[in-house]
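This report refers to the structure that appears directly beneath it.
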Amino acid sequence: MVNPARPHVLIIDDEPEIGKLLAQACEYAGYRATATNTADTFREAVLAQPEFIIMDLLMPDADGIELFRYLMENKIESGIILVSGSDHRIIQSAARLAQAQGLHILGTLAKPFEIADIPLLLATRQNGRPAASHSTMGQITPADMEQALNNNQVIAYYQPQVNLKTNSIMGFEVLARWIHPEWGLVSPIHFMPVIEASDLIERFTECIIDAAMVQMSRLAAARIKLQCAINASALSLGDVSFPDKLIAKITAARINPGLVSVEVTESKLFEDSVKSLDVLTRLRVKGFELSIDDFGTGYSTFQQLQLAPFSEIKIDKGFVLNCNVDTEAQTIVRTSIELAQRLGIRCVAEGVETQAVAHLLKDWGCGVAQGFYYSRPLPADLFLDWVQASPLR
Ligand code: C2E
Ligand code: CA
Ligand code: CA
């Protein structure tokens, strides 16, 4: 009997035996699965927007790359797992290509693969889809964001960071969310550019920092001491009064600046280099930790590390997510960890989604991990509950 509540997995593999095997593995893990073995039947079935797709890259009547284009054109939002008999590096560059086209790749598998990996990859996403997609939201305007701030719809979520050596929670990152009355949870990826392009950044930053300080005070009242990481917009770094404003807020909340780290995205760092160096140096002098965010994705990483007094490298999730299977990503992650060690600064890996990756990072000497494997970003109350109930204390 078909249970429509079970997420649907659509499989395409030209070898019917493999298709059947994959379908059985999905059914066994609690999903509803359909296997197709020609590109035409797949093209038709996928229009029903299954939650997940498992796709063989190489088939006689079409190749996976061609199918990506079809999925894109039809705005298919399924979470996709790629399988292939070819070299792992080819699947990985195909995955990058698909991601660049806006498809949601959950992972890649090289044949022969462990059938047990399938449910693990499927489980990385609750129902295959992101919360609200950009196509349903339309264009966000500065007026929308002003209203959102007026109505207290912009709030902070908190995601734990775990010390890998002691296996205990060491802190959290503060991540902004917009709770829209119709669209639900809207990601900062969609609204940050609007905020940064309008004159709302100061109000926004104040709202997020205030929320973070309330959370720090609540933790302190429960005798829990955690490090708080705040994302700074490039605009704040161009504002020479930013360090003083931050100090004023944390002094009012009776919080030690050493417990607060400011994350800065390297690609935006030196748009106005003299001003941002001034701000970064003063933040450090005042006792804040300074973190270079999205490490490895910018243009002049090394120069920035040399110029500004960073106390932490935060390796971008683009490298961390698949570093257990992607050899290039692995090299970049390990080299970044080593670099942090040699500089004597902390290294945080974001985007840790599996135990396998967490174990590897620990073996490689990475200090701190953050990602869905531990917890998704949570609203304030749920985060407090999570910390209090967690075995990682
Ligand atoms: P970021 O600073 O690189 O933050 C990490 C992003 O990775 C967050 O996305 C987080 O939810 C996501 N993430 C965490 N763990 C995992 C994981 O295991 N797997 C995957 N796939 N993703 C994971 P989010 O919350 O959507 O934020 C996106 C970006 O928006 C942030 O990237 C940051 O640049 C910006 N942002 C968020 N909050 C603020 C804020 O308060 N102020 C400023 N200026 N920027 C913010
Ligand atoms: Ca960050
Ligand atoms: Ca990042």
Side-chain angles (χ1 to χ4, degrees), residues 79 99 104-107 121 123-126 129-134 145 149 154-162 171-179 185-197 200-213 215 227-239 242 246 260-269 289-298 312-324 333 336 348-358 361 368-379 383:
Q99 256 154 352
H104 307 294
I105 302 295
L106 300 180
L121 282 175
T124 57
R125 213 158 167 209
Q126 288 288 304
R129 294 198 192 147
S133 76
H134 209 207
M145 291 322 300
L149 284 166
V154 176
I155 62 164
Y157 268 43
Y158 305 86
Q159 186 178 34
Q161 299 184 328
V162 174
F172 57 88
E173 179 175 5
V174 185
L175 292 157
R177 295 288 180 268
W178 176 15
I179 312 292
L185 210 63
V186 181
S187 155
I189 300 169
H190 299 311
F191 65 77
M192 278 314 297
V194 182
I195 292 204
E196 290 185 329
L200 296 168
I201 188 70
E202 253 190 81
R203 269 189 75 192
F204 165 82
T205 308
E206 198 175 324
C207 150
I208 295 296
I209 293 173
D210 285 345
M213 292 305 118
Q215 190 73 331
Q227 188 87 26
C228 165
I230 293 170
N231 289 285
S233 157
L235 294 176
S236 305
L237 300 181
D239 170 7
F242 178 66
L246 197 55
V260 177
S261 62
V262 179
E263 297 191 358
V264 179
T265 309
E266 51 165 315
S267 56
K268 295 181 198 159
L269 247 182
E289 299 290 334
L290 260 193
S291 175
I292 186 160
D293 207 350
D294 295 348
F295 187 75
T297 63
E312 178 181 287
I313 282 178
K314 197 155 179 195
I315 313 174
D316 191 62
K317 61 173 180 285
F319 305 115
V320 175
L321 281 173
N322 295 318
C323 69
N324 54 333
V333 168
S336 307
V348 181
E350 70 169 27
V352 179
E353 293 192 349
T354 61
Q355 190 181 42
V357 168
L361 288 166
V368 182
Q370 174 184 346
F372 297 169
Y373 170 60
Y374 300 102
S375 166
R376 292 188 173 253
L378 298 170
F383 177 77

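For the numbers below, each heavy atom of this structure counts, side chains included, while hydrogens, waters and symmetry mates do not. Nothing here was measured: the structure is a model prediction, and the numbers come from that model. For ligands, and for the atoms within them, numbers begin at 1 and follow the listed sequence.
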Practice prompt. Nearest 0.5 Å please: distance from the CG atom of N231 over to the CD1 atom of I209.
Written response: 10.5 Å
Worksheet item: side-chain contact (heavy atoms from CB on, under 4.5 Å) between V320 and L361: does it pass, once the steps are laid out?
Response: CA-CA 9 Å; V320 175; L361 288 166; 4.3 Å; yes
Practice prompt. Mind checking whether S187 contacts ligand 1 via backbone (N, CA, C, O), side chain (CB onward), both or neither, at a 4.0 Å heavy-atom cut-off?
Written response: side chain
Discussion item. Nearest 0.5 Å, please: how far is CD in Q161 from SG in C228?
Written reply: 9.5 Å
Discussion item. Using side chain to side chain donor-acceptor pair (under 3.5 Å), reason through E173 and Q370 one step at a time and then give a plain yes or no.
Written reply: CA-CA 9 Å; E173 179 175 5; Q370 174 184 346; 2.8 Å; yes
Worksheet item: Using a heavy-atom cut-off of under 4.0 Å, does the side chain or the backbone of D294 touch ligand 1, or both, or neither?
Response: side chain
Worksheet item: Quick one: CG on N324 to CD on Q355, what's the gap to the nearest 0.5 Å?
Response: 11.5 Å
Item to complete: Say whether T265, considering both its backbone and side-chain N or O atoms, lies within less than 3.5 Å of an N or O atom on ligand 1.
Response: no
Worksheet entry | Qualifying residues under side chain to side chain donor-acceptor pair (under 3.5 Å), relative to E350, sequence neighbours excluded | none
Fill in: ligand 1 N/O within reach of K317 N/O, cut-off under 3.5 Å
yes
Item to complete: Determine, using heavy atoms of F204 and all atoms of ligand 1, whether some pair is separated by less than 4.0 Å.
Response: yes
Discussion item. With the threshold set at under 4.0 angstrom, would you say I208 reaches ligand 1 through any of its heavy atoms?
Written reply: yes
Worksheet item: Which N/O/S atom belongs to E173 and is the closest one to the Ca ion (ligand 2)?
Response: OE2
Item to complete: State which residues pass ring pair (Phe, Tyr, Trp, His ring centres under 6.0 Å) with F172; sequence neighbours excluded, sorted by chain then number.
Response: Y158, F383
Worksheet entry | Within-3.0 Å protein N/O/S contacts of the Ca ion (ligand 3) | D294 OD1, D316 OD1, E350 OE2
Worksheet item: With atoms numbered from 1 as shown, which atoms in ligand 1 lie under 4.0 angstrom from a non-hydrogen atom of S233?
Response: 44 (N)
Worksheet item: Does at least one non-hydrogen atom of E173 fall below 4.0 angstrom from an atom of ligand 1?
Response: yes
Worksheet item: Are any of the N or O atoms of Y373 closer than 3.5 Å to those of ligand 1?
Response: no
Practice prompt. Only heavy atoms count here, so choose which of D316, V186, L175 is nearest to atom 10 (C) of ligand 1.
Written response: L175
Discussion item. Using the rule given for side-chain contact (heavy atoms from CB on, under 4.5 Å), can you reason through I179 versus L185, listing the C-alpha separation, both sets of side-chain angles and the distance that settles it, and then say yes or no?
Written reply: CA-CA 5 Å; I179 312 292; L185 210 63; 3.2 Å; yes
Practice prompt. Could you pull out the closest heavy-atom pair between K317 and G351, with the gap in Å?
Written response: CB-CA, 3.6 Å
Worksheet item: Which one of G371, A176, A234, A232 has a non-hydrogen atom at the shortest distance from atom 38 (N) of ligand 1?
Response: A176
Item to complete: May I ask you to list the atoms of ligand 1 that are less than 4.0 angstrom from any heavy atom of R177?
Response: 11 (O), 24 (P), 25 (O)
Item to complete: Can you sort out the partners of A176 under side chain to side chain contact (heavy atoms under 4.5 Å, CB included), two or more places apart, ordered by chain and number?
Response: F191, F204, I208
Worksheet item: Below 4.0 Å from any atom of ligand 1, is there a heavy atom belonging to K314?
Response: no
Worksheet item: Do P377 and ligand 1 have an N or O pair less than 3.5 Å apart?
Response: no
Discussion item. Between Q227 and E312, does the side-chain contact (heavy atoms from CB on, under 4.5 Å) criterion hold? Intermediate values first, please.
Written reply: CA-CA 13 Å; Q227 188 87 26; E312 178 181 287; over 6 Å; no
Worksheet item: Do any nitrogen or oxygen atoms of E196 lie less than 3.5 angstrom from nitrogen or oxygen atoms of ligand 1?
Response: no
Worksheet entry | Distance in Å, D293 CG paired with T265 OG1, rounded so as to fall on 0.5 Å steps | 4.5 Å
Worksheet item: For the residue pair S375 and Q159, what are the closest heavy atoms and their distance?
Response: O-NE2, 3.0 Å
Discussion item. Let's go through I201 and D239 carefully: what are the C-alpha distance in whole Å and the side-chain angles of both, what is the deciding distance for side-chain contact (heavy atoms from CB on, under 4.5 Å) to 0.1 Å, and is it a yes or a no?
Written reply: CA-CA 11 Å; I201 188 70; D239 170 7; over 6 Å; no
Worksheet entry | Euclidean distance, I195 CD1 relative to M145 CE, rounded to 0.5 Å | 4.0 Å
Worksheet item: Short list, please: which atoms of ligand 1 are under 4.0 Å from a heavy atom of V352?
Response: 18 (O)
Worksheet, complete the sentence: Which atom of E263 is nearest the Ca ion (ligand 2), counting N, O or S only? It is OE1
Practice prompt. Please round to the nearest 0.5 Å and tell me the distance separating atom CG of L106 and atom CG of L121.
Written response: 7.0 Å
Practice prompt. Under 4.0 Å, heavy atoms only, figure out whether ligand 1 is touched by the backbone of D293, its side chain, both or neither.
Written response: side chain
Discussion item. I want to confirm something. Looking only at heavy atoms, which of Q370, Q159, E350 is nearest to atom 15 (N) of ligand 1?
Written reply: Q159
